[in-house]
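Predicted model, so just to flag it, every value in this text is computed and none were measured.
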Amino acid sequence: KWGASPPHPPEYFRKEEDTRTSLVLPWAREPGSVRLMSRLSPPNPPGLRYRACLAGYAGLMRLALPLVWRYFRRRADGDPRYGLHLEERRGEGAPFRADVWVHAVSLGEMTSAEPLVRLLLDAGQRVVTTHATPAGRVRAETAFAGDIADGRLVVRNMPVDLPAFWDRFFTVTCPKVGLIMEMEFWPAMMEAARRAGVPLVLANSQVPGKSFPRARRIAALLGGHPAARAARVLAKSERMADRFRALGAADVQSVGETRFDIPPPSGQVAKGTALKDWLGDRPVLALASVVAGEEETYIEALRALQTDAVPPFVIWVPRAPELFGTTADRLAEAGFRVARRSEAISDDLEPVGNPAEADILVGDTMGEMFFYLAAADAVVVGGGFVEKGAHNIIEPLALGKPVVTGPHVWTIEFPGVEAREAGVLTVCDDPAALADVIREVIGAGGAVARAFHASHVGASARIMDHVRPVLEEEKE
């Protein structure tokens with residue numbers, strides 16, 4: 001991946017006289033203010049220095065190809081899905097004439113792409129999606145199983161970033177336009193699309209402040225950044241858009257974040273609300289997407305909260321399945337009474353026995369995050385207490401939950417900066433103060449969080465507005 005100006009204070013907020021914070025979003029300043037161009041054209045051929053660097057890059061990739069295949073074989077030892085469909089890594093596959101190609105590298109990117117893909121399919125477009133990981137592929141296959149069966153969508157593994165492999169992919173799929181989600185600026189991919197006449201749109205795009213210095217060095221080395229080779233960049237925020245412009249991208253607009261368009265599953269929300277009611281007046285705290293390395297911070301905070309007159313019932317959801325068992329064991333060894341979702345809650349999300357007798361419910365199942373969040377009075381989002389950074393805060397905001405995370409928020413710069421300014425995200429800089437921070441937010445009302453979330457809905461439709469003219473031109 002090719003990465004991202006140092007963060008500067010956003011200008012999306014103003015304080016009203018009644019002290020409420022109101023949003024001034026770049027795509028909502030004036031009706032019809034989004035600038036649409038009916039034509040998306042691939043870029044001109046790159047300059048000499050860029051071409052020379054591309055040739056060197058391609059040579060190194062060819063030399064490394066045996067190591068790439070070895071990587072997939074080794075990953076297949078732990079996850080057999082990495083060994084499947086390897087021909088697609090070479091750009092091969094049955095011909096499928098697509099209207100739109102959507103590249104979503106892994107699970108998170110595919111999840112954020114779902115509302116956009118649904119809009120494309122509902123508009124009668126044929127879609128091909130590509131993914132680097134099995135998790136992303138499985139998400140697409142699950143979310144769009146009916147459309148795959150109807151022949152309107154196909155799922156492929158992402159080709160290894162070599163010109164010949166991408167040329168083959170574009171030959172068998174023939175997309176009219178490509179949508180690249182998030183931060184996937186692969187140089188061979190970008191140039192192969194140009195040769196095939198496929199305009200690329202970087203959608204839901206961002207360049208985090210932490211990555212921006214490296215991105216500028218890459219641009220200086222190559223004589224241009226790969227992101228500048230896109231026909232258009234649709235950034236998550238105006239701050240991100242400014243960084244893309246600084247990297248040389250000519251056509252850049254801010255349209256928001258598609259994750260705000262994902263509707264919470266009503267069944268899970270209803271079951272989570274029922275669990276909250278079943279627990280009575282006891283406050284409920286969710287620790288969502290806890291990652292390795294921050295467990296002790298949470299354990300110490302929970303020990304402090306256990307001294308409260310009414311300690312919270314805690315729902316602890318590890319980020320990765322391999323942490324399910326070890327987390328439950330570690331919490332039990334720390335002296336907490338532990339129940340596991342797989343044992344204390346039935347498959348239809350009903351309590352079995354009396355899970356309220358536990359101090360902590362470990363969420364040891366996948367795909368049920370909204371169930372856990374709906375039961376909570378406050379949510380601590382994991383990842384923020386380690387260098388890798390905090391995870392998705394949009395899901396709890398969608399349910400009107402006050403959100404807390406640790407100091408490492410570069411991964412959620414958008415919408416983290418905006419959410420913090422709006423008062424719906426609290427960043428705990430001192431791990432020792434986490435218990436006190438939780439006490440402050442656990443009873444906070446959710447109206448402001450819901451309003452913040454609602455004000456950011458609609459990015460998928462705005463991206464669709466940019467793509468639709470190209471597809472309509474092709475029909476003419």
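Using a 4.0 Å cut-off between charged side-chain N and carboxylate O, Asp465 and Arg468 make a salt bridge. The residues Lys388 and Glu294 are annotated as not salt-bridged, no charged nitrogen and carboxylate oxygen being separated by less than 4.0 angstrom. Using a 4.0 Å cut-off between a side-chain N of Lys or Arg and a carboxylate O of Asp or Glu, Arg90 and Glu87 do not qualify as a salt bridge. Salt bridge annotation for Arg259-Glu182: present, with a cationic side-chain nitrogen under 4.0 angstrom from a carboxylate oxygen. Using a 4.0 Å cut-off between charged nitrogen and carboxylate oxygen, Glu141 and Arg137 count as a salt-bridge pair. Checked for salt-bridge contact, Arg168 and Glu88 miss the test: no charged N lies under 4.0 Å from a carboxylate O. Ion pairing between Asp242 and Arg239 fails under the 4.0 Å rule for side-chain N and carboxylate O. Salt bridge absent: Arg126 and Asp99 never bring a charged side-chain N and a carboxylate O closer than 4.0 Å. Between Arg73 and Asp77 there is no salt bridge, since none of the side-chain N atoms of the basic residue sits less than 4.0 Å from a carboxylate O of the acidic one. Between Lys236 and Glu418 there is no salt bridge, since no side-chain nitrogen of the basic residue lies less than 4.0 Å from a carboxylate oxygen of the acidic one. Salt bridge absent: Glu413 and Lys210 never bring a charged side-chain N and a carboxylate O closer than 4.0 Å.
Between Val424 and Val403 there is no side-chain heavy-atom pair separated by less than 4.5 Å. Inter-residue side-chain proximity for Asp150 and Ile148 is flagged as unmet; no heavy-atom pair is nearer than 4.5 Å. Side-chain contact between Val160 and Leu65: present, with at least one pair of heavy atoms (C-beta onward) separated by less than 4.5 Å. With contacts defined as side-chain heavy-atom distances shorter than 4.5 Å, the pair Gln206/Ser211 does not qualify. Within the 4.5 Å cutoff, the side chain of Met189 has heavy atoms near those of the Ile180 side chain. Side-chain contact check for Val467 versus Leu116: every heavy-atom pair is 4.5 Å or farther apart.
Ile394 contributes atom CD1, which lies 7.5 Å from atom CD1 of Ile262 (distance to the nearest 0.5 angstrom). Atom CD of Glu191 and atom CG of Asp161 lie 10.5 Å apart (nearest 0.5 Å). To the nearest 0.5 angstrom, Leu202 atom CG is 8.0 Å from Leu234 atom CG. Rounded to the nearest 0.5 Å, atoms CZ (Phe185) and CG (Leu200) are 11.5 Å apart. Note: Thr411 OG1 to His391 NE2 = 7.0 Å, rounded to the nearest 0.5 Å. Taken from CG in Leu153 to CD in Gln125, the straight-line distance is 12.0 Å, to the nearest 0.5 Å.
Closest non-hydrogen pair, Tyr82 versus Arg75, comes out as OH-NH2, 3.2 Å. Nearest heavy-atom pair, Ala230 versus Val233, reported as atom, atom and distance to 0.1 Å: CB-CG2, 4.5 Å. Between Arg229 and Pro45, the shortest heavy-atom contact is NH2-C, 3.7 Å. Of all non-hydrogen atoms in Arg243 and Gly209, the two that sit nearest each other are NH1-N, 3.0 Å. In terms of heavy-atom proximity, Cys428 sits nearest to Phe385 at O-CE2, 3.7 Å. Of all the heavy atoms in Leu323 and Thr326, the pair that sits closest is O-OG1, 3.3 Å.
At distances below 3.5 Å, not a single donor-acceptor pair connects side-chain atoms of Glu322 with backbone N or O atoms of Ala320. A donor-acceptor distance shorter than 3.5 angstrom exists from the side chain of Arg49 to the backbone of Ala220, with no hydrogens or angles considered. The backbone N or O of Val252 lies less than 3.5 Å from a partner atom in the side chain of Arg245, making a donor-acceptor pair. A donor-acceptor pair under 3.5 Å is absent between the side-chain atoms of Lys176 and the main chain of Val198, judged by distance alone. His131 contributes a side-chain N or O that, together with a main-chain N or O of Ala104, makes up a donor-acceptor pair within less than 3.5 Å. Of the possible polar contacts, one joining the Asp261 side chain to the Ser460 backbone as a donor-acceptor pair under 3.5 Å is found. With hydrogens and angles ignored, the 3.5 Å screen pairs no side-chain donor or acceptor of Ser112 with any backbone N or O of Thr258.
Remark: of the listed residues Ile393, Leu373, Thr405, Leu373 is the sole one forming a side chain to side chain contact (heavy atoms under 4.5 Å, CB included) with Val379.
The aromatic rings of Trp166 and His103 sit perpendicular to each other, their planes meeting at more than 60°, with 30° as the lower class boundary.
In this structure, Arg89 is not positioned above the aromatic face of Phe165 in the sense of NZ or CZ being under 6.0 Å from the six-membered ring centre and within 45° of the axis.
Under 3.5 Å, the side chains of Thr130 and Trp101 contain a donor-acceptor pair of N or O atoms.
The number of heavy-atom neighbours closer than 6.0 Å to CZ of Arg74, taken from other residues, nucleotides and ligands shown, is 12 or below.
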Pair Glu109, Arg139 - check salt bridge (charged side-chain N to carboxylate O under 4.0 Å, His left out), show working.
CA-CA 10 Å; Glu109 289 81 1; Arg139 179 77 183 198; over 6 Å; no
